[in-house]
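When a residue number appears, it is its place in the shown sequence, counting from 1.
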Amino acid sequence: MSTIETMSHLSALQSSTDLLSTSTIIALTIFFSLLCACIIVGHLLEENRWANESITALLLGLGAGAVVLFVSKGNSSRILVFSEDLFFLYLLPPIIFNAGFQVKKKQFFKNFTIILMFGIFGTVISFCLISLGAFFLFKRIGVTSLNTQDYLAVGAILSATDTVCTLQVLNQDDTPFLYSVIFGEGVVNDATSIVLFNAVQSIDINNINALISLKLLGTFLYLFFSSTFLGIAAGLLSAFIIKTLYFGRHSTDREVALMMIMAYLSYMLAELLNLSGILTVFFCGIVMSHYTWHNVTESSRTTTKYAFATMSFIAETFIFLYVGMDALDIDKWKASRASAGTFVAVSSTLFALVLVGRAAFVYPLANFITCIKKRDSSNIEFRQQFIMWWAGLMRGAVTIALSYNQFSNSENKDTEDSALMITSTMIVVLFSTVVFGSITKPLIEAVLLRHTKPNVSDATDIPSLEDLRIMFIENGEPSDTGENQPAAAACRRSGLRLLLTHPTWTVHHLWRKFDDRFMRPVFGGRGFVPFVPGSPTGAADETSRT
């Protein structure tokens, strides 16, 4: 009798498992098929001026959502629903970590002041203008149920930029300054927007005063520096463990696994402590590329370099597919009950505020930086300012995720206006990504790359200041034949000018001395080659990483 009962329980369990697996497998099969299609189509359109992989994934997602909507006869398109947890916990961390892991650190930290000004002060300026514009304009359109907290949330939501399309066109070698500034601003901007959004949710709108404003500023500074410190600590801890224990002597798999898990653990710890996981995992990636990556074996270096880039690429493609499919969520469009004119009015207003809010800080801050710079080579030209402005006009998954968080769980709000805000935000994201993203590549070629001048010699263009001294000394050596003496004299003058313009006692030089004397003996880094029996040894090649 017990055998019969056991068999019946197993049969019931098997049937329920089959039912669950069938629906899950169908969704995953469709999605992975779309991912394969995105990779193939993106490869075929790699040289196309008007398309990139982000736009390809978004359009394929829209097409797949339309097919699902057609198959369900317009009843539902919920084969995959946009989830904030999926986005913030699983898709965003590998993208941000790989960005920090692959960035050229010397160029990034050279422009760190500009990045912070654009990413923090610029985002706050954009937040204020978009919030005020929404407050004064929405009531004239007919959106009357939103409160002050909603208007502030709209400012934070639309201040989150998405520079993926622009960074796919720009190159770190061709335009190092623009790439580092746009890329760094995008990371700091996302963190700042999320901090502002969380602050809007927590403050009491009815009791705002100067003390609360200072408290908000203090909270932001605490989150920024605490998140940065946590990321640096996680990266140094991974470097110390791998250098001390020599994982590669037994298994390189453990090295790679430890780097991945500790990077993800830093993000989760930051979220658990209510810090900025984006900043934490970004600086963890920078520290790991400077120390931990040089402590592992050669095979692990190759594996981690391409594994992190692959995970980031898949996550980015997944996000754009996800956004494209969820844009046709028929329930949200039906719930808004708005006319086409209302959709156009609200979406146009939001996008106009994005344009104005971006221009309101890019041009003033860029010109202010140009005025305080002493060297002509540091001037930010107008066409560079234009590209900076253009790069921040596109909105992406962070915007949609914050919009869902603010308006989807609106128990005490007007359901129609909440649905209208979500759908209008989707329209802004789709329009800015497809239209502006497709114009980005030819625009940059026309405005920037065709007028690119040879790079002016700079301290950051030379591998180290020791190389500058060597070049100066070598250029001063007399020629045996005497034929190249004028050229040698010119080189000596050029080398002397470089030494006078860029003295050896720079911040970078002091950091290199501190790093060589105190940090690398403890945490390893460049020059540290772990001993692995039976494996060939060789110099680390990725010199451009520092």
Could I get the full list of side-chain contact (heavy atoms from CB on, under 4.5 Å) partners for L365, not counting sequence neighbours?
M117, F118, F361

Within a strict 4.5 Å, meaning less than it, do heavy atoms of the F197 and Q406 side chains meet?
yes

Any side-chain to backbone donor/acceptor pair from S403 onto T399? Under 3.5 Å, distance only.
no

Return the CG to OH distance between L275 and Y267, rounded to the nearest 0.5 Å.
12.0 Å

CD1-CH2 distance between I439 and W390, expressed to the nearest 0.5 angstrom
4.5 Å

Pairs of donor and acceptor atoms involving the side chains of residues 124-135, under 3.5 Å and at least two apart or interchain, shall be tabulated with distances.
residue, atom, partner, partner atom, Å
S131, OG, F127, O, 2.8
S131, OG, Y151, O, 3.4

When you compare the side chain of I55 with that of L45, does any pair of heavy atoms fall below 4.5 Å?
no

Taking all non-hydrogen atoms of both residues into account, name the closest pair between H290 and H294 and its distance.
O-CD2, 3.4 Å

Check the pair L223, L279 against side-chain contact (heavy atoms from CB on, under 4.5 Å), reporting the backbone distance first and the verdict last.
CA-CA 9 Å; L223 290 176; L279 284 175; over 6 Å; no

Do F282 and T228 have side-chain heavy atoms sitting under 4.5 Å apart?
no

Keeping the roles fixed (side chain from Q385, backbone from I380), state whether a donor-acceptor pair exists under 3.5 Å.
yes

Is a side-chain donor or acceptor of N111 paired with a backbone partner of V181 at a separation under 3.5 angstrom?
no

Flag side-chain contact, heavy atom, 4.5 Å: M311 against M260
yes

Between I120 and F224, is any pair of side-chain heavy atoms under 4.5 Å apart?
yes

Interatomic distance, F320 atom CZ to L60 atom CG [nearest 0.5 angstrom]
13.0 Å

Give a yes or no on whether the backbone of F177 and the side-chain of S180 come within a donor-acceptor separation of less than 3.5 Å.
yes

Minimum heavy-atom distance between F87 and P93, given as atom pair plus value:
O-CD, 4.4 Å

Determine whether the aromatic ring centres of F386 and F382 lie less than 6.0 Å apart.
no

Closer than 3.5 angstrom, by distance alone: can the side chain of T192 be matched with the main-chain N or O of G119 as a donor-acceptor pair?
yes

Give the ring-plane orientation class for F308 versus F101, where under 30° counts as parallel, over 60° as perpendicular and anything between as tilted.
perpendicular

Indicate yes or no for a side-chain donor-acceptor contact from T433 to the backbone of L430 under 3.5 Å, with no hydrogens or angles considered.
no

Atom of D516, atom of R520 and distance for their closest heavy-atom approach
OD1-NH1, 3.3 Å

Applying side chain to side chain donor-acceptor pair (under 3.5 Å), can you list everything that pairs with T161, at least two apart in sequence or on another chain?
N189

side-chain contact (heavy atoms from CB on, under 4.5 Å) partner of M262, the single match among T292, I242, L237:
L237

Using side-chain contact (heavy atoms from CB on, under 4.5 Å) as the criterion, list what pairs up with A345, not counting sequence neighbours.
I141

Would you say that L269 contacts T280 through its side chain, given a criterion of any heavy-atom pair below 4.5 Å between the two side chains?
no

Parallel, tilted or perpendicular: ring planes of Y179 versus F183, cut at 30 and 60 degrees
parallel

Please lay out, stage by stage, how I39 and T317 fare under the test side-chain contact (heavy atoms from CB on, under 4.5 Å).
CA-CA 9 Å; I39 295 173; T317 308; 5.6 Å; no

Show the nearest heavy-atom pair for residues C284 and G235, with the distance to one decimal.
SG-N, 4.0 Å

Walk me through whether F108 and F112 qualify under side-chain contact (heavy atoms from CB on, under 4.5 Å).
CA-CA 6 Å; F108 176 81; F112 195 61; 3.8 Å; yes

Quick check: does any side chain N or O of N367 sit under 3.5 Å from a backbone N or O of Y363, one acting as donor and the other as acceptor?
yes

Could you tell me whether the side chain of L158 reaches within less than 4.5 Å of the side chain of L353, counting heavy atoms only?
no

Once rounded to the nearest 0.5 Å, what's the spacing between atom CG of L321 and atom SG of C38?
4.0 Å

So the salt bridge (charged side-chain N to carboxylate O under 4.0 Å, His left out) pairs with at least one residue in residues 273-294 (sequence neighbours excluded) are none

Which label fits Y90 and Y264: parallel for a plane angle under 30°, tilted from 30 to 60°, or perpendicular past 60°?
parallel

Less than 4.5 Å apart, any side-chain heavy atom of T423 and any of V346?
no

So, F121 versus F368, ring centres under 6.0 angstrom or not?
no

Please check if the side chain of S432 supplies one atom and the backbone of V429 the other of a donor-acceptor pair under 3.5 Å.
yes

Value for OG (S238) from CG (L236), rounded to nearest 0.5 Å, stands at 7.5 Å

Hey, does the side chain of E53 reach the backbone of G42 with a donor-acceptor pair shorter than 3.5 angstrom?
no

Nearest heavy-atom approach of V281 to A263 is CG2-O, 3.7 Å

Salt bridge (charged side-chain N to carboxylate O under 4.0 Å, His left out) contacts in which one or both residues fall within residues 180-198, not counting sequence neighbours:
E185-R358

CA sep, side-chain torsions, deciding dist, call: V154, L350, side-chain contact (heavy atoms from CB on, under 4.5 Å)
CA-CA 9 Å; V154 168; L350 291 176; 4.0 Å; yes

Spacing of W293 atom CH2 and E255 atom CD [to the nearest 0.5 Å]
12.5 Å

Side chain of S289, backbone of I286: donor and acceptor closer than 3.5 Å?
yes

Salt bridge or not between D162 and R395? Use side-chain N to carboxylate O under 4.0 Å.
no

Qualifying residue, where the test is side-chain contact (heavy atoms from CB on, under 4.5 Å) with S159 and the options are L196, T123, L402, V354
T123

Specify the closest pair of heavy atoms between F31 and Y322, including all atoms of both residues, with the distance to one decimal.
CZ-N, 3.7 Å

